[in-house]
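Below is one structure; the comments refer to it alone.
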Amino acid sequence: MSALNLYDTATREVGVFSPLKPGEVSMYVCGATVQGAPHIGHVRSAINFDILRRWLTHSGYNVTFIRNVTDIDDKILQKAPQENMQWWALALKYERAFTQAFTALNVLPPTYEPRATGHITQMIELMQILIDNGSAYAPGNGDVYLEVRKLKRYLTLSRQHIDDLQPAADADERSKKDVRDFALWKAAKPGEPSWPTPWGAGRPGWHLECSAMAHAYLGESFDIHGGGLDLVFPHHENEIAQSEAAGYGFAARWLHNAWVTQSGEKMSKSLGNTLHVEVILQKVRGIELRWYLGGAHYRSMLEYSEGALSESAVAFGRIENFLKRATEILGKTPPISMSEAFTDAMNDDLAVPAGLASISENLRLGNQAITDSDASAIAVNASEIRGALSILGCDPFDSNFAGQATNDLTHALDGVIQLALKERAAARERKDFAASDSIRDGLLALGITIEDTAQGPRWSIMEKS
RNA sequence: GGUCGGAUGGCCGAGAGGCGAGGCAAGGGACUGCAAAUCCCUCUACACGGGUUCAAAUCCCGUUCCGACCUCCA
């Protein structure tokens, strides 16, 4: 079996993944700033890292997966009065919206999901270390800054040079020693929430929380730090700066997912071209949206289009249909197994598109096996498809997606349809095709499709398109 | 100005020196009373101009166009 290779943003190379501790993987992924409803770009990121996590777990690692929630920041404070809410109520409202979206898309809950506001103590401890060792300074107005010129190295992840950066818009901060210095802690303005610190009351700067929380749950060094490509600078650079200045090793490997775009442009709140998960889920099922978003390579931009989404949903339906038929023929849910082709694809920096090609091959062979009534070939291909789908988080047998499959109503419905099919069979027997077709058309009008197979007619309920 | 990504067939989307990933659509065929589903076959590529090489979509140089980040972002 091939070994897992992963890209590293820091080296810009794909290399063999070997964890710091054998058998254990520690992962920190930057989660949402809960200031609005999740759009499909947000959940794409979550899905990408969920696939990585599932693959690591499948590969035998014990994965500790931390994904934070940023529940205090400028935008949250700014939006709260607009929605006529307390900032903390707004934050929790959108945190729930994210959780709901993740559940609908079968994103596994993280091992732990720390909130920034719950880790002020750890942030103060970190700032104390940074001030004590001279890396940070408090000018006395309640702010605390990291002095970037003192760092041994800075901007190595994004490979920029400090003097080449465009001057910041807020460069007129007089209390900063250098305009590039960034805030660890922001002094509270009147009416803003604040927490007391030795340097004055205020609230966390954006970057500090991730350094503090990664340290709290994963220690001084951990295996993988992930997030969206747009976090490379400044967020991740500043996390590195804080953590390394404190003497920590921090992340051994950096993974960044690319964006969902529309007309070539990144989906973002400021552009107003966002597509909320909630809205898309009125068009396709969660499992289909996940199949679409997870199908692109995580480092490739995914150009959203409604056509591509619905095409993708149809393609997924074909796979589901095969699994359903295979299950009927085998008389049991096919067990999960992993094909070599899919394994190799995933080990090659999570080459999901190559993995999809292997699923297509399984599907073709599986359908052929149904035609040939070759039960063992049906079983092999169904199991391998299920195995691949389970890693992609799109296993239709997954209890997160099941539920709607079998219940008393379906059972009753089956009985009713069987009655109709019996009438239809009789009509076909006497070559009264007008009658048999009117039964089929009648069922179709109710959203029930009839297919005649070698094993007899089978029915299914049409999915919403 | 600095840093970085991209341009592949009608469409979507991989690949990163040699065998044309895969899917959708299209055309043909098999199966079927007809459908549906499924299978088989066929077809169309690497933005442009140079170069390196026995061999370039892939490497190098240049050009054009698109996009991202430069302290709000997944």
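Keep in mind it's a predicted model, so treat the numbers as computed, not measured.
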Original post:
Given atom CG of A:Leu444 and atom P of B:A37, what is their separation to the nearest angstrom?
Top reply: 11 Å

**OP:** Indicate, yes or no, whether a donor-acceptor pair under 3.5 Å links the base of B:A35 to the side chain of A:Arg440.
**Re:** yes

Subject >> A:Arg364 vs B:G22: side-chain N/O to OP1/OP2 distance below 4.0 Å >> reply: no

Original post:
Which part of the nucleic acid, if any, lies within reach of A:Gly31 when heavy atoms closer than 4.0 Å are counted: base, sugar-phosphate only, or nothing?
Top reply: sugar-phosphate

Original post:
So does A:Lys266 get a side-chain nitrogen or oxygen closer than 4.0 Å to the phosphate oxygens (OP1/OP2) of B:C69?
Top reply: yes

Original post:
OP1 or OP2 of B:A14 sitting under 4.0 Å from any side-chain N/O of A:Ser300?
Top reply: yes

Subject >> A:Ala315 or A:Ala308, whichever maps to the more 5' nucleotide of RNA chain B >> reply: A:Ala308

Subject >> Stem segments of RNA chain B by first residue number [Watson-Crick or G-U, under 3.5 Å, at least 3] >> reply: B:1-7 with B:64-70, B:10-12 with B:22-24, B:26-30 with B:38-42, B:47-51 with B:59-63

**OP:** Kindly say whether A:Phe65 contributes a backbone atom to a donor-acceptor pair with the side chain of A:Arg53 at under 3.5 angstrom?
**Re:** no

Subject >> Cationic N near anionic O, under 4.0 Å, A:Arg54 to A:Asp395 >> reply: no

**OP:** May I ask you to check whether A:His39 and A:Tyr304 place their ring centres under 6.0 Å from each other?
**Re:** no

Subject >> Base B:C39 paired with A:Asp372 side chain (donor-acceptor, <3.5 Å) >> reply: no

Original post:
Going 5' to 3' along nucleotides 1-6 of chain B, which nucleotides have protein heavy atoms under 4.0 Å from the base (write B), which only from the sugar-phosphate (write S), and which from neither (write -)?
Top reply: BBSS--

**OP:** Round to a whole Å and report the spacing from CG of A:Leu365 to C1' of B:G22.
**Re:** 14 Å

Subject >> Spacing between A:Asn367 atom CG and B:A36 atom P, to the nearest angstrom >> reply: 16 Å

**OP:** With RNA chain B as reference, determine whether A:Thr33 or A:Lys431 sits nearer its 5' end, using the nearest nucleotide of each.
**Re:** A:Lys431

Original post:
Side chain of A:Ser243, backbone of A:Ile240: donor and acceptor closer than 3.5 Å?
Top reply: no

Subject >> Below 4.0 Å: OP1/OP2 of B:C72 and any side-chain N or O of A:Gln78 >> reply: no

Subject >> A:Glu192 side chain near A:Lys186 side chain, heavy-atom distance below 4.5 Å >> reply: no

Original post:
Do A:Trp259 and the base of B:A74 stack face to face, with centres under 5.5 Å apart and an angle between planes under 30°?
Top reply: no

**OP:** Pick base, sugar-phosphate or nothing for A:Val314, based on heavy-atom distances below 4.0 Å to the nucleic acid.
**Re:** nothing

**OP:** Could you check whether A:Ile450 gets within reach of a base, just the sugar-phosphate, or nothing at all, counting any heavy atom under 4.0 Å?
**Re:** base

Original post:
Once the angle between the rings of A:Trp254 and A:His236 is folded into 0 to 90°, is it parallel (under 30°), tilted (30 to 60°) or perpendicular (over 60°)?
Top reply: tilted

Subject >> Lys/Arg N to Asp/Glu carboxylate O, A:Arg430 vs A:Asp432, below 4.0 Å >> reply: yes

Original post:
Which part of the nucleic acid does A:Asn257 contact within heavy-atom distance under 4.0 Å: base, sugar-phosphate only, or nothing?
Top reply: base

**OP:** Determine yes or no for a side-chain-to-main-chain donor-acceptor pair under 3.5 angstrom, with A:Ser436 supplying the side chain and A:Arg424 the backbone.
**Re:** no

Original post:
Do the rings of A:Phe250 and A:His225 sit parallel, tilted or perpendicular, given the 30° and 60° boundaries?
Top reply: tilted

